[in-house]
Amino acid sequence: MQPLLKVSNLSKNYGSTTAVEDASFALGKGEQLVILGASGSGKSSLLRCINYLEKPSRGTIWLDGQTIGGHHDPEGTWSPDTEAELVRKRRDIGMVFQNFNLFAHLSALDNIAIGPRKVLKRPKSECRSLARALLQKVHLDRHADQYPSQLSGGEQQRVAIARALAMNPKLLLFDEPTSALDPRLTHEVLQVMQELATEGIAMIVVTHEIGFARKIARTVMYLEKGRIVETGPVSDFFARPEREQTRQFLSYVM
């Protein structure tokens, strides 16, 4: 079966600094991958390359059989995507950031409805109905008319998750979505993410929450200095890591 996502020999350089080096992996439809690693190990750079928020220095990314960032013409020549083509492909990849990135001047409901309305050109009433349904999904239906400044950090992050879902993406990327939250608010966000995983939404999650990783991940990947050190099924990864670097990392965080 063809994977939903395939990353092949991806590297990202910032000048003389290599953030990601020769990363290759695949993710099946409905699967959840958790990426672990110390700060500066390349986790966020890898995520940002997958949806071309950062242009990879090398490598190829396929999503549902379609290359992201470019395409081969009938003669086999590689042509970069136009901005319009890239925007269209990015619709299939939702991303939830560390710092929410909500529009301060819009209510929770309108933060969610704006994507389908502006990008997908759907009717306003349809977009608002969708937004209300998604607010209920993330347990915030009573907060529809509140603005980001009136919401807790955990509530804002759940609105951000609903906003990503509003575009009906094939893949969701989470870049340390609880790093700015206290433990109680972290629990609220992780509960919603766990529910999404149970529904079979394909996800890649960068997190330091080891207990959460054990609950939702099908596969766990460990990065160190931009390289994939080890990848394996969640049960084997934590119980029987194969690489010494992985064992050392887990001894620090568990």
Side-chain angles (χ1 to χ4, degrees), residues 1 3-7 23 25-39 41-44 46-48 50-51 63-64 92-100 134-140 153-223 228-241 246 249-250 252-254:
M1 182 182 296
L4 173 66
L5 174 74
K6 183 180 178 183
V7 176
F25 65 94
L27 182 76
K29 294 181 179 180
E31 293 183 354
Q32 295 79 39
L33 168 67
V34 167
I35 302 178
L36 303 177
S39 297
S41 59
K43 306 183 300 298
S44 294
L46 176 57
L47 277 197
R48 293 174 68 86
I50 289 173
N51 68 354
L63 182 70
D64 209 12
D92 290 330
I93 306 175
M95 187 155 182
V96 179
F97 300 88
Q98 299 177 26
N99 296 319
F100 324 139
L134 289 171
L135 280 169
Q136 186 172 14
K137 189 180 190 70
V138 298
H139 313 296
L140 287 174
E155 290 165 347
Q156 291 185 63
Q157 192 61 292
R158 283 185 279 159
V159 171
I161 293 172
R163 179 182 59 186
L165 291 170
M167 299 298 288
N168 194 28
K170 296 176 180 179
L171 172 66
L172 277 178
L173 307 178
F174 293 87
D175 187 8
E176 297 191 32
T178 62
S179 63
L181 305 177
D182 65 35
R184 179 180 64 83
L185 301 180
T186 292
H187 173 75
E188 295 174 357
V189 173
L190 295 183
Q191 179 183 351
V192 167
M193 293 173 63
Q194 189 170 347
E195 291 168 2
L196 296 178
T198 301
E199 294 174 10
I201 295 177
M203 300 161 55
I204 301 179
V205 183
V206 169
T207 184
H208 294 292
E209 301 287 340
I210 301 300
F212 173 69
R214 284 179 144 170
K215 288 180 181 178
I216 71 122
R218 175 166 181 173
T219 306
V220 183
M221 176 190 298
Y222 172 57
L223 262 63
I228 299 174
V229 173
E230 184 167 350
T231 304
V234 62
S235 56
D236 292 344
F237 185 92
F238 289 110
R240 295 175 294 276
T246 310
F249 173 78
L250 292 177
Y252 297 144
V253 299
M254 293 177 64

Mind listing the closest non-hydrogen atom pair of [X] and [Y] along with its distance?
X    : Y    : value
A164 : V96  : CB-CG2, 4.1 Å
A239 : P241 : C-CD, 3.6 Å
A26  : P3   : CB-CB, 4.0 Å
L46  : A23  : CD1-CB, 4.4 Å
F100 : A160 : O-CB, 3.8 Å
S44  : D175 : OG-OD1, 2.8 Å

Could you tell me the separation between the [atom1] atom of [X] and the [atom2] atom of [Y], rounded to the nearest 0.5 Å?
X    : Y    : atom1 : atom2 : answer
F174 : L190 : CZ    : CG    : 10.0 Å
L173 : N51  : CG    : CG    : 5.5 Å
F237 : R214 : CZ    : CZ    : 10.5 Å
L172 : D92  : CG    : CG    : 11.5 Å
L181 : T186 : CG    : OG1   : 4.5 Å
L27  : T219 : CG    : OG1   : 7.5 Å

- Query: Distance-only, no hydrogens or angles: does the Q157 side chain make a donor-acceptor pair with backbone N or O of P177 under 3.5 Å?
  - Reply: yes
- Item | Backbone N/O of V205 and side chain of K43: donor-acceptor pair under 3.5 Å | no
Which donor-acceptor pairs under 3.5 Å do the side chains of residues 193-204 make with protein atoms, sequence neighbours left out?
from: E195; atom 1: OE1; to: H139; atom 2: NE2; distance (Å): 3.0
from: E195; atom 1: OE2; to: H139; atom 2: NE2; distance (Å): 3.2
from: E195; atom 1: OE2; to: Q191; atom 2: NE2; distance (Å): 3.4
from: T198; atom 1: OG1; to: Q194; atom 2: O; distance (Å): 3.0
from: E199; atom 1: OE1; to: K137; atom 2: NZ; distance (Å): 2.8
from: E199; atom 1: OE2; to: K137; atom 2: NZ; distance (Å): 3.0

- Close side-chain approach of F25 to L33, heavy-atom, < 4.5 Å: yes
- Side chain to side chain, H208 and V253, heavy atoms closer than 4.5 Å: no
- Pair listing, salt bridge (charged side-chain N to carboxylate O under 4.0 Å, His left out) test, anchored in residues 156-167, at least two apart: R158-E188
- Query: Crowded around K29 NZ? As in, over 12 foreign heavy atoms under 6.0 Å?
  - Reply: no
- Message: What verdict does the side-chain contact (heavy atoms from CB on, under 4.5 Å) test give for L36 and I210, after you've listed the backbone C-alpha separation in whole Å, the side-chain angles of each residue and the deciding distance to 0.1 Å?
- Response: CA-CA 9 Å; L36 303 177; I210 301 300; 3.9 Å; yes
- Can you pull the side chain to side chain donor-acceptor pair (under 3.5 Å) pairs that have at least one residue in residues 228-241, sequence neighbours excluded? E230-T246, D236-R240
- Task: Walk me through it: do V189 and I161 pass the test side-chain contact (heavy atoms from CB on, under 4.5 Å)?
- Result: CA-CA 9 Å; V189 173; I161 293 172; 4.1 Å; yes
